[in-house]
> 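Mind looking over this structure? Questions follow.
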Amino acid sequence: MAECQLPKLNVAGSTPVTRSILLLSTVLLLYSSISASPIYTSHDFWMMASGYGLLDDSAGESVMSERILVTQLKNGNRNALIPLVHLLVASGRIEYAEIWMEGRGRIVPVSRRDLGIALSWYGRFDMHSVMTSDLTIPPDLEDDDYAYTLAAVLYLGWMNSSQDGCFHPDLLVDSSDLDMIADLFFQSSYHWEKDWIGMRSLDSLFSDGARAGAEQ
């Protein structure tokens, strides 16, 4: 299997990790100064600074959510990066903010929901019989279009739910999630050390394993 690594960004005189730290430090500094402004909230500032018109509901509160911003990035709109990083920093999820900054909006980290959907495709031949079963839908997936599919992935043991029975679809995939399915879906030479993975790299791991194709 060809070694699967995330692309590195070429900026003279710096490394990807160093650039991520510097950029995140800038975000934190701006966040601290903006949050004290009596005119704009820091959230409003990032929305305007990134080219977004504010989307307000009847209560005057922004309805721009984390999931909407992630969807924008998946669709190629890199203007959503800074608002998303701001939301992550404001909620105390610094590690996730660092991951998104490292990807610069070009590499979208894989979420648990993304991984589950990918598993339903690459393991689709095993899914047929399961999809007719009476499966338990995790409570945080009840309104998800892929609720039954993700429940089937859990049933097959390819992913785990948490102790409270929730799926936590927005959490990012790490190496432990990949190790759990490596023997079934990846080549025997599989190795992944990073604490996150982008969708293109994940697709490469699945494609090199070619499990779905071998069962046709």
Side-chain angles (χ1 to χ4, degrees), residues 6-7 9 16 19-20 23-24 26-28 30-31 34 41-57 61-122 137-151 153-154 159 161-162 166-178 192 194-206:
L6 296 171
L9 300 166
R19 292 195 301 276
S20 293
L23 283 169
L24 183 58
T26 301
V27 170
L28 291 170
L30 287 171
Y31 170 72
I34 294 164
T41 66
S42 54
H43 184 269
D44 291 344
F45 177 89
W46 283 122
M47 292 304 171
M48 289 184 288
S50 299
Y52 280 95
L54 293 178
L55 299 181
D56 297 330
D57 60 16
E61 297 176 351
S62 174
V63 297
M64 187 67 74
S65 70
E66 178 181 334
R67 180 161 288 188
I68 290 174
L69 293 169
V70 170
T71 299
Q72 289 286 324
L73 284 162
K74 287 181 177 179
N75 291 337
N77 185 356
R78 294 181 62 208
N79 286 334
L81 177 61
I82 296 303
L84 175 61
V85 169
H86 162 68
L87 290 179
L88 294 172
V89 170
S91 63
R93 297 160 67 192
I94 305 300
E95 181 181 357
Y96 278 17
E98 290 175 335
I99 289 173
W100 278 100
M101 289 298 287
E102 186 176 344
R104 300 297 194 280
R106 295 188 181 95
I107 304 172
V108 176
V110 177
S111 69
R112 282 176 52 82
R113 184 177 186 271
D114 295 329
L115 177 60
I117 293 172
L119 285 167
S120 73
W121 169 252
Y122 288 102
I137 305 296
D140 57 346
L141 291 180
E142 290 178 353
D143 297 326
D144 195 298
D145 292 340
Y146 283 89
Y148 206 76
T149 297
L150 297 173
V153 169
L154 291 174
M159 298 182 72
S161 57
S162 62
C166 291
F167 185 78
H168 300 289
D170 296 325
L171 292 183
L172 298 184
V173 167
D174 61 23
S175 57
S176 64
D177 296 303
L178 300 179
W192 190 266
K194 288 181 68 69
D195 55 4
W196 65 282
I197 188 170
M199 185 57 75
R200 289 183 180 178
S201 295
L202 181 67
D203 284 340
S204 294
L205 289 178
F206 276 118

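Atom set for the values below is all heavy atoms of this structure, side chains included, hydrogens, waters and symmetry mates excluded.
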> Any side-chain heavy atom of Leu141 sitting closer than 4.5 Å to one from Pro169?
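A side-chain contact exists here, since the closest heavy-atom pair is under 4.5 Å.
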> Output the distance between atom CG (Leu205) and atom CD1 (Ile197), rounded to the nearest 0.5 Å.
4.5 Å
> To the nearest 0.5 angstrom, please state how far the CG atom of Leu69 sits from the NE2 atom of His86.
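If we round to the nearest 0.5 Å, Leu69:CG and His86:NE2 are 10.0 Å apart.
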> Kindly indicate whether the side chain of Tyr96, heavy atoms from C-beta on, has any atom under 4.5 Å from the side chain of Val85.
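Tyr96 does not reach Val85 side chain to side chain.
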> With the side chain counted from C-beta on, respond yes when Met199 and Val108 share a heavy-atom pair under 4.5 Å apart, and no when they do not.
no
> Rounded to the nearest 0.5 Å, how far apart are CH2 of Trp192 and CG of Leu178?
8.0 Å
> So with a 6.0 Å cut-off around CG of Asn75, is the heavy-atom count from everything else above 12?
yes
> As an exercise, state the distance from CG of Leu202 to CH2 of Trp196, rounded to the nearest 0.5 Å.
12.0 Å
> Check for me whether Arg113 meets the cation-pi criterion with Tyr146, that is, NZ or CZ under 6.0 Å from the six-membered ring centre and within 45 degrees of the ring axis.
no
> Name all residues meeting the side-chain contact (heavy atoms from CB on, under 4.5 Å) criterion together with Ser175; count only those two or more places apart in sequence or in a different chain, and write none if there are none.
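If we apply the side-chain contact (heavy atoms from CB on, under 4.5 Å) test to Ser175, skipping adjacent residues, there are no hits.
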> Between Lys74 and Asp114, does at least one N-O distance fall below 4.0 Å, as a salt bridge requires?
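The answer is yes: the pair qualifies as a salt bridge.
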> Under the 3.5 angstrom rule, does the side chain of Asp140 hit a backbone N or O of Cys166 as a donor-acceptor pair?
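Between the backbone of Cys166 and the side chain of Asp140 there is no qualifying donor-acceptor contact (under 3.5 Å).
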> Applying salt bridge (Lys or Arg N to Asp or Glu O under 4.0 Å), which residue pairs with at least one partner in residues 80-95 are found, sequence neighbours left out?
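Non-adjacent pairs meeting salt bridge (Lys or Arg N to Asp or Glu O under 4.0 Å): Glu66-Arg93.
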> Answer yes or no: is there a side-chain heavy-atom contact under 4.5 Å between Asp177 and Val110?
no
> Could you walk me through whether Tyr122 and Asp203 satisfy the side-chain contact (heavy atoms from CB on, under 4.5 Å) test, starting with their C-alpha distance in whole Å, then the side-chain angles of each, then the deciding distance to 0.1 Å, before giving a yes or no?
CA-CA 10 Å; Tyr122 288 102; Asp203 284 340; 3.7 Å; yes
> Less than 4.5 Å apart, side chain to side chain, heavy atoms only: is that true for Arg112 and Asp170?
no
> Rounded at 0.5 Å granularity, tell me how far OG in Ser65 sits from CG in Leu87.
8.5 Å
> Okay, side chain of Arg106, backbone of Gly103: is any donor-acceptor separation there less than 3.5 Å?
no
> Ignoring hydrogens, what is the shortest heavy-atom contact between Val173 and Ser111? Give both atom names and the distance.
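Residues Val173 and Ser111, closest heavy atoms: CG2-O, 3.4 Å.
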> Compare all side-chain heavy atoms of Val153 with those of Phe167 and state whether any distance is below 4.5 angstrom.
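Of all side-chain heavy-atom pairs linking Phe167 with Val153, none is under 4.5 Å.
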> Please name the pair of heavy atoms, one in Ile99 and one in Pro109, separated by the smallest distance, quoted to 0.1 Å.
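Nearest pair, atom of Ile99 first, then Pro109: CG2-CG, 3.6 Å.
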> What pairs with Ser161 under side-chain contact (heavy atoms from CB on, under 4.5 Å), at least two apart in sequence or on another chain?
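Per chain and number, Ser161 pairs via side-chain contact (heavy atoms from CB on, under 4.5 Å) with Leu154.
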> Run through Ile107, Leu84, Asn79 and flag the one making a side-chain contact (heavy atoms from CB on, under 4.5 Å) with Leu73.
Leu84
> So, do Arg67 and Gln72 sit near enough that their side-chain heavy atoms are less than 4.5 Å apart?
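The answer is no; the side chains never approach within 4.5 Å.
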> For the atom pair CG (Asp174) and CG (Leu115), what is the distance rounded to the nearest 0.5 Å?
10.0 Å
